[in-house]
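Heads up: the structure comes next, in structure tokens.
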Amino acid sequence: MAEPGRSDVNGNDMIGNLIAARKSLKLSLEKSKALGFALEKAGPRLDEINQRLPPLEAAVRPIRADKEALIAAGDHINRAIGPAAAVLKVFDAVHGLEKSLLSDPRNNLPGYLSVLKRLEEALRFMGDNCGLAIQWLEDILDYLDDNVMADEQHLLNLKKSLKGLSELQSDCEKARLDGGLLNAALDKLEGEFRRLLTEHSVPLPMSSSSDLGEQAVISPSLLPVSAIHKLQAILGRLRTNNRLEKCISIYVEVRSSNVRASLKALDLDYLEISLAEFNDVQSIEGYIAHWGKHLEFAVKHLFEAEYKLCNDVFERMGLDVWMGCFSKIAAQAGFLAFLQFGKTVTESKKDPIKLLKLLDIFASLNKLRLDFNRLFGGAACMEIQNLTRDLIKRVIDGAAEIFWELLVQVELQRQIPPPPDGNIPILMSIITDHCNKLLGDNYKPILNQVLLIHRSWKREKFQERILVSEVLNIVKAIELNLETWTKAYEDSILSNIFAMNNHYHLFKHLKGTKVGDLLGDSWFREHEQYKDYYATIFLRDSWGKLPGHLSREGLILFSGGRATARDLVKKRLKNFNEAFDEMYKRQSCWVVPDRALREKICQQIVQAVVPVYRSYMQNYGPLVEQDGSSSKYAKYSVQTLEQMLSSLFLPKPGRYASFKGRQLSDKFENGISDLRRTTSAVV
């Protein structure tokens with residue numbers, strides 16, 4: 001058993017130790033807690049330090065790199081920075097031009113073009129040097145990468161950026177170097193090009209009724225020299241930037257529209273007439289005459305002016321460019337419509353009257369031959385050349401064919417009955433008119449040239465005497481037709497009127513002409529005698545018989561009283577009236593187209609009938625005038641009779657015309673006798 005005192009001492013020590021241990025634990029807990037708070041606060045800072053370590057490591061890596069590698073890197077960096085800095089400097093300058101280039105060029109065109117040229121030079125510098133700068137930058141990145149002198153991610157980002165810059169170096173992407181500023185400036189220049197053209201393109205002032213002979217001295221005002229210089233300057237810049245075709249398109253659009261506006265005043269709707277709309281050549285005869293004048297005016301003045309202006313504006317672009325531009329203007333302004341109209345005429349049905357119209361077309365084209373060769377002789381105008389050559393060939397072939405067929409046409413017309421009114425057959429009018437004109441000063445040289453060319457194509461010779469001989473053969477055929485037609489009438493009196501009309505027509509319309517000079521005076525004397533002969537026969541066999549009804553026989557010696565005399569006068573007046581009415585009714589449908597001849601014949605009829613009637617009525621009229629039925633016998637006054645006879649044979653609206661062949665009748669086949677008779681044969 002332990003001692004009491006010793007036990008107390010030991011107990012006290014244990015308690016003290018426990019208290020000390022408790023204090024120690026408490027202190028440790030407080031320190032742990034403080035450390036926990038400290039660690040909690042240090043966590044974000046450690047994360048931040050952890051994030052900063054790689055850049056710091058990359059930043060100090062060159063320090064850790066080899067000294068020689070560091071020196072070499074400096075040289076690489078210096079070489080790369082120079083070109084890159086220069087490109088950036090120019091890039092900044094490009095943006096400095098933006099305000100000027102987005103302004104209106106018309107305010108200061110030379111200044112605008114100067115700024116644009118600077119932009120082009122800047123873009124050219126950037127285009128040429130960007131590649132070099134990128135190459136140097138790529139080299140330094142490769143060097144840093146190979147020598148582990150930079151952060152990999154950083155190098156990767158830089159390489160990605162450099163790749164994007166390299167792609168911008170392709171041709172299709174270079175325009176993006178300026179953010180579209182160049183295209184915007186070029187668009188404004190195109191707008192200014194159009195404005196200058198439109199402002200100075202004024203249609204030629206004239207009306208459809210204008211005399212082209214007077215208009216011919218007026219040419220469309222060309223552009224002022226200052227405007228041409230501006231256009232040339234704009235063209236130069238646009239051509240440098242591959243915009244020439246767009247300029248040509250604008251030019252053609254504006255100028256062709258201007259020419260169309262000038263031509264519109266001439267009322268050229270007839271150029272659009274289709275073949276189906278042709279009734280005959282006569283229906284468009286006036287149009288053909290206008291066509292020649294309009295074509296000459298268009299070529300010598302409108303298109304001549306455009307030709308010169310194209311040369312002035314596009315001269316620096318080269319011959320092919322401005323000639324091509326002119327050919328497009330000619331085509332779009334409507335020049336081809338002139339050639340198409342000529343072609344439509346050649347395609348219409350053959351007709352003797354068409355011959356002169358074809359010669360008119362040939363004369364117009366031949367007159368403009370040198371102008372055509374000069375204006376449309378280039379390769380760019382090949383379509384106009386081909387259409388013109390085709391038209392000339394059609395005209396020559398058509399004219400030659402109709403001419404050589406004229407004689408056949410005249411012979412074929414012999415089968416057709418003559419006009420029922422004794423008028424001039426339309427064939428007679430047309431052919432005599434043609435013969436006069438074909439040997440006249442205006443048409444003979446043209447026809448000679450046409451026939452010469454046509455024969456040369458067939459390797460045949462042509463002499464002028466062939467033309468003359470053919471025309472004389474046609475006249476002889478007409479004479480034979482006249483003899484045949486004269487015999488074709490069943491009414492001999494109408495036959496005399498017809499023969500008188502047509503012999504006088506030949507006499508009058510060929511006398512004093514080139515054809516007449518070839519026929520000679522004896523030919524004309526013969527036809528004049530024919531005319532007089534048939535006029536005398538006509539008067540003798542018709543109206544000359546009428547006075548015989550007013551015989552005085554039995555009246556002067558009659559002494560059987562007034563009643564018997566009155567009956568005899570009534571009978572003779574009745575016979576006169578019946579004969580007069582029948583003859584007047586029949587002949588009132590007949591025609592003497594020549595005014596002088598008609599008046600002469602009517603005067604002869606009046607002289608043959610009226611004096612006898614007047615005398616008879618003066619002497620014996622009172623015998624019937626007192627009768628209640630006097631109007632039945634004294635039917636006409638002397639004045640009325642004279643007026644009726646004087647109004648005979650007036651032309652009627654419309655002409656007898658026929659070009660269709662028919663079968664020969666028996667009357668045509670009886671043969672043709674010689675009509676060479678004179679007025680002395682008239683009994």
Side-chain angles (χ1 to χ4, degrees), residues 280-282 348-359 397-439 443-444 447 450-451 454-455 460 462 465-490 495 498-499 501-507 509-510 513-516 518-520 523-524 526-527 530 534 655-676:
D280 51 49
V281 177
Q282 280 182 296
S348 62
K349 68 179 182 179
K350 293 179 185 176
D351 187 318
I353 198 172
K354 180 178 172 180
L355 174 58
L356 297 180
K357 300 301 104 185
L358 291 178
L359 293 180
D397 286 341
E401 187 175 354
I402 293 175
F403 175 75
W404 294 120
E405 288 182 358
L406 280 179
L407 179 57
V408 177
Q409 289 291 326
V410 172
E411 292 171 345
L412 288 174
Q413 292 297 305
R414 199 171 300 154
Q415 306 172 27
I416 298 173
D421 57 3
N423 205 339
I424 311 297
I426 192 169
L427 173 77
M428 180 81 77
S429 299
I430 292 175
I431 297 300
T432 52
D433 179 65
H434 274 41
C435 289
N436 281 336
K437 291 180 177 178
L438 292 178
L439 292 186
Y443 282 104
K444 185 179 179 182
L447 182 57
V450 166
L451 296 179
H454 190 258
R455 285 287 183 98
E460 297 174 356
F462 174 78
R465 60 180 176 81
I466 298 177
L467 169 59
V468 174
S469 176
E470 187 70 12
V471 171
L472 292 179
N473 287 336
I474 292 172
V475 174
K476 291 178 182 178
I478 290 175
E479 289 184 284
L480 189 55
N481 283 13
L482 176 54
E483 294 178 3
T484 305
W485 284 331
T486 301
K487 290 187 159 195
Y489 287 100
E490 294 180 359
S495 174
F498 172 80
N501 279 334
N502 285 274
H503 281 291
Y504 185 66
H505 178 84
L506 291 176
F507 172 84
H509 289 274
L510 294 181
T513 65
K514 299 291 184 180
V515 178
L518 295 171
L519 293 170
W523 188 90
F524 287 99
E526 185 176 288
H527 282 282
Y530 283 163
Y534 286 111
R655 285 293 315 275
Y656 171 84
S658 175
F659 284 89
K660 298 180 180 179
R662 298 180 182 175
Q663 294 296 322
L664 288 170
S665 65
D666 293 339
K667 189 175 291 291
F668 280 105
E669 295 175 346
N670 286 334
I672 300 171
S673 62
D674 188 2
L675 291 181
R676 298 181 182 276

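- In this structure, the separation between CG on Asp351 and CD on Gln409 is 8.5 Å, given to the nearest 0.5 Å.
- Below 30°, between 30° and 60°, or above 60°: for Phe524 and Phe507 the angle between ring planes is above 60°, a perpendicular geometry.
- Glu405 CD to Leu412 CG: the interatomic distance, rounded to the nearest 0.5 Å, is 9.5 Å.
- No side-chain heavy atom of Cys435 sits under 4.5 Å from any side-chain heavy atom of Leu406.
- Contact between Ile402 and Pro352 at its shortest, heavy atoms only, is CG2-CA, 4.2 Å.
- Ser495 places a side-chain N or O within 3.5 Å of a backbone atom of Thr486 that can act as its donor or acceptor partner.
- Annotation: side-chain hydrogen bond (donor to acceptor under 3.5 Å, both in side chains) contacts of His509 (sequence neighbours excluded): His505.
- In this structure, the side chains of Met428 and Gln413 stay at 4.5 Å or more apart for every pair of heavy atoms.
- Partners of Asn481 under the side-chain hydrogen bond (donor to acceptor under 3.5 Å, both in side chains) rule, at least two apart in sequence or in another chain, are Arg414.
- Under the side chain to side chain contact (heavy atoms under 4.5 Å, CB included) criterion, Ala399 pairs with Leu355, Leu358, Leu359, Val450, not counting sequence neighbours.
- For the atom pair NZ (Lys444) and CG (Asn436), the distance works out to 13.0 Å, reported to the nearest 0.5 Å.
- Between Ser348 and Lys354, the closest side-chain pair of non-hydrogen atoms falls below 4.5 Å.
- Checking side-chain atoms of Trp485 against main-chain N and O of Ala499 turns up no donor-acceptor pair under 3.5 Å.
- For Lys514, there are no side-chain hydrogen bond (donor to acceptor under 3.5 Å, both in side chains) partners two or more places apart in sequence or in a different chain.
- Closest approach of Gly422 to Asn501, counting heavy atoms only: O-ND2, 2.7 Å.
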Side-chain atoms of residues 466-473: list all donor-acceptor pairs with protein atoms under 3.5 Å, sequence neighbours left out, distances to 0.1 Å.
{"unit_1": "Asn473", "atom_1": "ND2", "unit_2": "Ser469", "atom_2": "O", "d": "3.3"}

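- When all heavy atoms of Tyr443 and Leu356 are compared, the closest pair comes out as CE2-O, 3.8 Å.
- The two residues Ile353 and Ile430 make their nearest non-hydrogen contact at N-CG2, 4.5 Å.
- Remark: Phe498 pairs with Tyr489 by the ring-ring contact (aromatic ring centres under 6.0 Å, His included) rule, at least two apart or across chains.
- With a 4.5 Å cut-off on side-chain heavy atoms, Tyr530 and Leu506 do not count as touching.
- Atom CG of Leu427 and atom CD1 of Ile478 lie 6.5 Å apart (nearest 0.5 Å).
- In this structure, the side chains of His454 and Phe403 stay at 4.5 Å or more apart for every pair of heavy atoms.
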